[in-house]
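In what follows, a single structure is set out as structure tokens and then discussed.
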Amino acid sequence: MITREQINELAQFEDRNGCALTFYLQPTTPRNKAHKEETILTKDLAREALRQLESKAASSDAKTKNGTGKGKIESAREDIDRIVRLSQDMRGNGVHAKAVFACSAQGFWREYDLPAQLSGTQLMVNRHFKLKPLAQMLGAFPSLAVVLLDRHRARLFDLRLGELNEVEGFFHPLSRRGRGDGFMGYDGGHAERRVDDEVLHHFKFVADFVKQALEKRSFEKWILGCQDMLWSQFEPLLHPDASQRLLGRFSSEVAHASREGVRSHAERIFSERQQKRRTEAVREAISQSRSNNRGVTGLRRVLRSLEMGEIQTLMVGENFVGQAVECTGCGHLDAHLVSSCPICGRDTREIVDVAEAILPWAILRDIELFYVKDDPELDGVGNIAALLRFRAEQSNVRSISQRSDRSLGRQEGRVGRYRGAAASGARYRTS
Ligand SMILES: [Zn+2]
């Protein structure tokens, strides 16, 4: 499974000759024949990608008249052949999808398994890797912990990209006396108090454990499974940060809870929360934008806020299509299709898919990202909107923006600049 550092590495990658290859394989049904179908589809996609590359190379040769275009695509040709061989070698089992990012000219080849929930099999060759399918996947499957708790036991599960693993278990047995020794209730009250102390101690231990795990970023959000009657005792012991990152809870016992049960409860709670947050964020961005406050809508304003480092949460219509140009010098993105850069004056080139072009930036700058499906309100404001951390133009907070730019290791605040050399370690979060 893919880590945040690995995603950052992909977001930073660029091949100036346009030979960065992205391959997503979504397995078909686990029938025997399926594997064959996948290989046939991959071969078709490979042929099509090669055809496009060759026509691009030919037109660049016609322009430059030096015949270098053909040579430049050799690297992509090698990678495409390798992808076809890979699809032949793979045993289609329908369990995992696969993503491959490759550029043999730069000695780059990364393969990742993903949950088999991609929208389809794709093969692209371009200057950057195509990250939207990955970003959608990560938004749908953040890293979550599920804690099951009873009076003397706790179990911790890690839920990442659709896979649930049990990572920790605690058992604090109640003392013998605590279990109700004593003569006909003579010691009853005393023993009960003692049990209460022991349970409280156990709850504190678990609450501390959760707090520390969140601090270490072992996971980003968590979900609790426990009996309703225990919640009122456990809740006051939670650290504020842990309370805030608790997505929800379900009623569960601990010892015999099945993995499937835990997973389906957690996924249900997460997707309900996600849906709610997404809807709220869209409404909030639109209303903030109307009052000229901490929200912007429409491609032009969103691009501007991106470059200013203002964006906290970005919402993009799932089928958003937008055009822009990118400066070949400073990387500035402009929604006006100008031929020279308004910042530095150099030539621009056209970007066909802006939603894809801004992704590396969103990933490296730790911007929360939502893909929004069929939202008429968002559609009405251009199908793209953002919630801002601040508005640089309205106050003296510009210095904050500059500070965060420096912390990424660059002085320049332009989008494209970050693609090549942003410092890694930024968090990717789409929960
Ligand atoms: Zn420029």
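Whatever order the structure lists ligands and atoms in, that order sets their numbers, starting from 1.
A donor atom on one side chain and an acceptor atom on the other are found under 3.5 Å apart for Glu350 and Gln323.
Shown here are the side chain to side chain contact (heavy atoms under 4.5 Å, CB included) partners of Lys211, two or more places apart in sequence or in another chain: Glu215, His239.
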Verdict with supporting geometry, Leu134 and Tyr112, side chain to side chain contact (heavy atoms under 4.5 Å, CB included): CA-CA 10 Å; Leu134 192 61; Tyr112 300 106; over 6 Å; no
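Salt-bridge annotation for Glu310 and Arg389: absent, with no side-chain N of the basic residue lying under 4.0 Å from a carboxylate O of the acidic one.
Relative orientation of the Phe129 and Phe13 rings is parallel, given thresholds of 30° and 60° on the angle between their planes.
Here the closest non-hydrogen pair linking Val282 and Asp375 is CG1-OD2, 3.9 Å.
Protein N/O/S atoms found under 2.8 Å from the Zn ion (ligand 1), listed by chain and residue number: Cys327 SG, Cys330 SG, Cys341 SG, Cys344 SG.
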